[in-house]
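To start, I am sharing the structure in question, which I have written as structure tokens.
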Amino acid sequence: MTETLIHDLSLQTADSNGCSPFRTADIFCAVIDNFGDAGVCWRLAKRLRDLGLLVRLITDRPDVLSQLVPTIRERVAAGAAESCAEGIAVLDETHFAALAAPQAADLIVETFACRLPENYERAIARRLEAREADPAADPRVPFYFNLDYLSAEAWVEDYHNIWGLHPTLPLKKLWFFPGFTDRTGGVLIEDDYLVREAAFLSQRADFLKGLACNPEHETLFFFAYPKNAVEAFAAGLLARKRPMNVLAAPGEAGDRLEKAIAAAGGTGAHLNVRRPGFFPQADFDKLLWASDILAIRGEDSFVRAQLAGKPILWATYPTEDHGHRIKLDAWLERLASVFACEADHALFARANREWLEGDLTPETLGHFLDAAPAFAQAARRWRETLFTRGDLARRMIARAQSGENG
Ligand code: TRH
């Protein structure tokens with residue numbers, strides 16, 4: 001995609017796959033912190049591309065995105081306002097917001113209520129106005145979403161699929177929530193997810209050997225926040241004398257886990273701590289598929305862990321109002337039905353709560369790890385519910401296509 005094409009949407013024709021009357025999509029992404037905002041937006045961009053749309057991702061932090069998508073790293077590091085990876089244009093929002101007359105796409109996705117640049121809001125309004133004057137000149141009515149954060153809480157159903165009005169312009173956007181019920185948008189799932197998983201599983205042993213892990217041993221993937229009680233987690237791993245590979249993601253939490261285990265010397269000889277480095281997002285699933293137990297965080301790794309169908313210890317994104325506890329409890333409650341017995345669910349919930357609250361005891365972690373095979377069966381049942389509900393991006397397109405514009 002050339003730079004002219006990146007800006008001039010009218011020159012572009014999407015290979016529409018027959019899925020959507022929409023040809024183009026613009027996704028706006030503001031990074032609050034860490035990788036989750038960019039991570040979710042990149043996955044959505046790829047899904048919309050796969051469904052036949054030409055996608056631009058406009059972000060205030062191309063540098064963060066470039067950690068997930070290494071092929072744009074060089075251009076971003078050189079300060080380029082535009083780059084392109086896997087058929088998706090990545091635009092620096094500062095540069096984009098200064099354009100005199102950007103063109104509005106057919107499908108517009110503001111993520112996590114990040115607000116669109118004013119020039120772009122005016123561009124949507126202009127396009128709608130021009131269409132009203134002459135519908136034949138523009139066969140598509142642009143559709144504007146706000147895609148919000150994922151939560152299992154009950155209120156989400158009431159706020160999903162609700163219109164919001166712009167304070168000054170004749171614009172409205174549809175609030176769309178990912179979620180775990182039929183009255184929400186579901187989660188992002190690639191059409192070929194299971195095929196890629198199956199292909200990987202035939203090479204799982206080699207993958208683990210490549211990370212200096214014994215594939216016969218249990219494997220834990222660890223990705224958490226510095227605020228989490230990492231040392232308590234390490235104490236639990238040290239106390240349970242079963243051989244285990246520990247794949248600790250880069251970052252402070254992983255560093256502290258490694259340090260705490262190293263400090264235990266011979267007491268930790270059963271633990272093989274490896275630091276796989278930051279994987280490109282396209283390969284991130286491999287770390288999850290290769291592991292038996294997943295300590296993950298935030299939103300995107302949380303979703304991917306559920307798709308992988310593995311036992312999860314979820315570090316929800318910590319907020320000052322303790323909303324993270326409510327988020328965790330809501331999710332744990334929805335999971336109740338997939339466990340074989342109440343005692344399993346209670347143990348799973350207790351370990352997750354203790355991990356989040358910072359009072360995870362070695363006993364609880366040990367019991368959780370011992371129960372991992374039973375939890376894995378429950379996790380497989382849970383992932384079936386996600387697959388049955390279907391993909392968020394398809395649901396967004398279907399909603400936009402439904403014609404209910406008011
Ligand atoms: O990084 P996170 O904590 O992200 C967030 C942010 O805090 C954000 O502000 C908040 O809104 C959100 O959580 C809820 O965790 P998350 O969401 O799991 O995102 C991590 C991303 O990083 C995800 O896309 C997977 C990716 N990743 C890789 O691609 N390779 C890796 O090696 C690792 C460790 C992660």
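We count ligands from 1, going down the list as the structure has it; atoms in each ligand are counted the same way. Here the structure is a predicted model, which is why all the values come from computation and not from measurement.
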Worksheet item: Between Trp175 and Lys173, is any pair of side-chain heavy atoms under 4.5 Å apart?
Response: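 They are in side-chain contact.
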
Fill in: Closest protein heavy atom to atom 26 (C) of ligand 1, given as residue, atom name and distance to 0.1 Å
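Nearest protein contact, heavy atoms only, for atom 26 (C) of ligand 1 is Leu68 CD2, 3.6 Å.
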
Worksheet item: Against heavy atoms of Glu299, which atoms of ligand 1 measure under 4.0 Å?
Response: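 Reading through ligand 1 atom by atom, the close ones are 13 (O), 14 (C), 16 (P), 17 (O), 18 (O).
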
Fill in: Within reach of ligand 1, part of Ala249 (heavy-atom separation under 4.0 Å)
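The side chain, only.
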
Worksheet item: Using the benzene-type ring in the case of Trp, are the ring centres of Phe177 and Trp155 under 6.0 Å apart?
Response: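 Yes, the ring of Phe177 comes within the 6.0 Å limit of the ring of Trp155, centre to centre.
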
Worksheet item: Side chain, backbone, both or neither: which part of Phe284 has a heavy atom under 4.0 Å from ligand 1?
Response: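 Answer for Phe284: side chain.
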
Item to complete: Please identify which atoms of ligand 1 are closer than 4.0 Å to at least one heavy atom of Gly39.
Response: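 With Gly39 as reference, the close atoms of ligand 1 come out as 24 (O).
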
Discussion item. Tell me whether Tyr149 reaches ligand 1 (any heavy atom closer than 4.0 angstrom to a ligand atom).
Written reply: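 Checking ligand 1 against Tyr149, which is what was asked, there is a heavy-atom contact under 4.0 Å.
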
Fill in: Nearest non-hydrogen protein atom, atom 9 (O) of ligand 1
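Its nearest protein heavy-atom neighbour is Asp33 OD1, 2.6 Å.
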
Worksheet item: Is there a donor in the side chain of Glu354 and an acceptor in the side chain of Thr364, or the other way round, less than 3.5 Å apart?
Response: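 The criterion, which ignores hydrogens and geometry beyond distance, is satisfied for Thr364 and Glu354.
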
Worksheet item: For Ile108, which of Leu116, Leu171, Asn146 qualifies under side chain to side chain contact (heavy atoms under 4.5 Å, CB included)?
Response: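 Option passing the side chain to side chain contact (heavy atoms under 4.5 Å, CB included) with Ile108: Leu116.
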
Worksheet item: Identify the closest protein heavy atom to atom 19 (O) of ligand 1: which residue and atom is it, and at what distance?
Response: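 Here the closest protein heavy atom is Gly36 CA, 3.3 Å.
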
Worksheet item: How does Tyr317 reach ligand 1, by side chain, by backbone, by both or by neither, if only non-hydrogen atoms under 4.0 Å count?
Response: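 Contact part for Tyr317 vs ligand 1: side chain (C-beta onward).
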
Discussion item. Side chains of Asp26 and Tyr120 only: does a donor on one sit below 3.5 Å from an acceptor on the other?
Written reply: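 Yes, side-chain donor-acceptor contact under 3.5 Å.
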
Worksheet item: Counting distance only, does the side-chain N/O of His345 pair as donor-acceptor with the main-chain N or O of Leu332 below 3.5 Å?
Response: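 Looks like yes, one N/O pair under 3.5 Å.
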
Worksheet item: Does ligand 1 have an atom that lies less than 4.0 angstrom from a heavy atom of Phe112?
Response: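 Contact absent.
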
Fill in: Closest protein heavy atom (residue, atom, distance) for atom 2 (P) of ligand 1
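Minimum-distance protein heavy atom for atom 2 (P) of ligand 1 reads Arg297 NE, 3.5 Å.
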
Fill in: Nearest non-hydrogen protein atom, atom 30 (N) of ligand 1
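Residue, atom and distance for the closest contact: Phe279 O, 2.7 Å.
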
Discussion item. Looking only at protein heavy atoms, which one is nearest to atom 18 (O) of ligand 1, and what is the separation?
Written reply: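 Checked against all protein heavy atoms, atom 18 (O) of ligand 1 sits closest to Ser301 OG, 2.6 Å.
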
Worksheet entry | Polar contact flag, side-chain donor to acceptor under 3.5 angstrom, Asp37-Tyr149 |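 Judged by distance alone, the side chains do pair up.
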
Discussion item. Tell me the protein heavy atom at minimum distance from atom 3 (O) of ligand 1, and give that distance in Å.
Written reply: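 Looking only at protein heavy atoms, the one closest to atom 3 (O) of ligand 1 is Tyr225 OH, 2.6 Å.
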
Worksheet entry | Donor + acceptor pair across side chains of Tyr317, Asp33 (<3.5 Å) |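 There is such a pair between these side chains.
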
Discussion item. Working note: Thr181 + Glu157, criterion side-chain hydrogen bond (donor to acceptor under 3.5 Å, both in side chains); need CA distance, chi angles, decisive distance, verdict.
Written reply: CA-CA 8 Å; Thr181 70; Glu157 290 191 340; 2.7 Å; yes

Worksheet item: Out of Trp314, Phe35, Trp42, Phe278, whose heavy atom sits nearest atom 27 (N) of ligand 1?
Response: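 Nearest heavy atom to atom 27 (N) of ligand 1 lies in Phe278.
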
Worksheet item: In terms of residue, atom name and distance, what is the protein heavy atom nearest to atom 24 (O) of ligand 1?
Response: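 Answer, as residue, atom name and distance: Asp300 OD2, 2.6 Å.
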
Discussion item. Using a 4.0 Å heavy-atom cut-off, which part of Phe223 comes near ligand 1: side chain, backbone, both, or neither?
Written reply: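 For Phe223, only side-chain atoms sit under 4.0 Å from ligand 1.
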
Worksheet item: Does a donor on one side chain sit under 3.5 Å from an acceptor on the other, for Trp289 and Gln203?
Response: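 There is no such pair (donor and acceptor under 3.5 Å, judged by atom type) between the side chains of Trp289 and Gln203.
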
